[in-house]
Amino acid sequence: MALINENYLRLSENYFYTEMDKRINAFCVTHPKANVIQLGTGDVSQPLPPAVVSAMTDALNELSQKDTFRGYGPGQGYKFLREKIVKDYQTHGVSLSTEEVFVSDGAKTDAANIGHIFGRDNIIAITDPVYPVYENATIMSGRAGYHNENGKWSNIVYLNCLAENGFKPVIPSEKIDVIYLCYPNNPTGTVLTRQELKVWVDYALENHSLIIYDGAYEAYITEKDVPHSIYEIKGAKKVAVEIRSFSKTAGFTGLRCSYTIVPKDLIAFTSEGEKVQLNRLWMRRQTTCFNGNSYIVQRGAEAVFSKEGRKQVNETVQYYLTNAGIIRDELRNLGFEVYGGVNSPYVWAKTKNGEESWSFFQRMLCEINVVSTPGVGFGPNGEGYTRFSGFNSRENTMEAVERMKNWR
Ligand SMILES: *Cc1c(COP(=O)(O)O)cnc(C)c1O
């Protein structure tokens with residue numbers, strides 16, 4: 001008899017995005033002439049940088065010729081790409097070796113799969129609100145404990161991110177072993193300064209905890225005192241894994257390429273208290289369960305670090321940031337309390353008069369045909385908030401903002 005991993009049955013239905021789509025579709029069916037503008041999405045809209053396309057075309061040509069054909073690549077990623085990543089870190093004063101860089105096909109993939117190398121009994125901490133992958137992966141792995149009536153899991157520590165603390169988590173009183181942090185944050189668009197991130201690194205050093213730092217939006221950082229990498233903080237190599245992606249940076253959401261840094265200094269413990277290098281475990285995991293991303297995609301990713309590539313990527317990031325700024329300014333004009341949109345493509349807005357997330361969603365959809373993502377989809381603390389993104393085109397962003405001006 002084949003048995004299933006019953007933890008999958010304990011996941012809540014993928015209710016949230018299904019519900020959003022259902023409501024949008026229902027509206028479009030009854031209002032076929034309406035031009036609905038999506039400002040909720042976490043997906044990019046602008047095409048790939050020309051430098052990336054050109055590098056991938058060359059790579060495809062290489063694979064088309066007998067003399068330059070390549071089959072399987074290294075499971076850790078091609079060295080040409082890992083070298084460029086190492087150089088990129090150097091620009092922020094972080095020195096890594098290529099052996100500490102693991103190329104992958106998605107930050108989401110790695111944020112979920114990294115759990116393979118950790119013991120069952122870790123207490124995991126996530127923020128509330130949060131990018132949902134960290135919690136779902138924890139549940140699937142059987143580490144979440146049991147589900148309380150309040151919708152929370154017994155072995156997960158929820159770090160409250162509230163308006164009164166600028167949506168920044170504070171060190172909890174419970175002991176925590178593995179902490180997921182994502183900055184610049186999705187969904188709130190907020191950041192941690194160097195000093196604020198240092199508090200977490202110091203906590204991890206003192207308590208032998210591990211931080212999984214999701215830096216998917218690193219390219220959106222505009223302010224000086226915001227660290228681009230957790231490794232800018234002293235001691236972080238001993239306690240942190242950092243995950244980055246080309247998705248939101250260079251339009252790779254459909255193409256797929258990311259990387260994870262697992263420093264050689266990073267250790268965790270056996271139940272006997274013996275130290276083990278995580279780099280070694282992750283190497284073993286990746287070479288066993290993953291055969292590397294495609295050569296073509298990795299050549300495309302390499303081109304992101306070329307002179308033209310950087311310029312093109314930067315222009316697109318600025319384009320999204322300008323959109324986010326347009327949304328933020330207009331919401332503020334309209335009297336909304338807003339966060340983010342400065343070091344992030346996301347603007348996090350509080351609804352007025354305590355209106356619930358879904359009610360706001362429905363009203364904005366029906367009355368001005370604009371969509372944002374209900375904050376409650378990211379956790380209970382997201383109730384009463386909504387997430388706008390700057391990822392749509394400028395034209396659509398302007399049109400949506402115009403509609404909001406005349407909206408009551
Ligand atoms: C979009 C996003 C990712 C996903 O990145 P992929 O590389 O496309 O899998 C990871 N983390 C956060 C916080 C994101 O918003």
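As the structure lists them, so they are numbered: ligands from 1, and atoms in each ligand from 1. Throughout, numbering of the chain's residues begins at 1 and tracks the sequence.
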If you look at each N/O of ligand 1, which protein N/O atoms lie under 3.5 Å away, and at what distance?
| from | atom 1 | to | atom 2 | distance (Å) |
| --- | --- | --- | --- | --- |
| ligand 1 | 7 (O) | A107 | N | 2.7 |
| ligand 1 | 7 (O) | S245 | OG | 2.6 |
| ligand 1 | 7 (O) | S247 | OG | 3.3 |
| ligand 1 | 8 (O) | S247 | OG | 2.6 |
| ligand 1 | 8 (O) | R256 | NH1 | 2.8 |
| ligand 1 | 8 (O) | R256 | NH2 | 3.4 |
| ligand 1 | 9 (O) | A107 | N | 3.2 |
| ligand 1 | 9 (O) | K108 | N | 2.9 |
| ligand 1 | 9 (O) | R256 | NH2 | 2.8 |
| ligand 1 | 11 (N) | D214 | OD1 | 3.4 |
| ligand 1 | 11 (N) | D214 | OD2 | 2.7 |
| ligand 1 | 15 (O) | N186 | ND2 | 2.8 |
| ligand 1 | 15 (O) | Y217 | OH | 2.5 |
| ligand 1 | 15 (O) | K248 | NZ | 3.3 |

Pairing of R310 and D88 as salt bridge, 4.0 angstrom limit: yes
All pairs passing side chain to side chain donor-acceptor pair (under 3.5 Å) where residues 320-342 contributes a residue, at least two apart: N323-R394, E337-Y339
K198 bridged to E196 by N-O distance under 4.0 Å: no
Salt-bridge criterion met for E19 and R23 (N-O under 4.0 Å): yes
V241 and I261, any side-chain heavy atoms less than 4.5 Å apart: no
Pair R10 + E6: basic N to acidic O under 4.0 Å: no
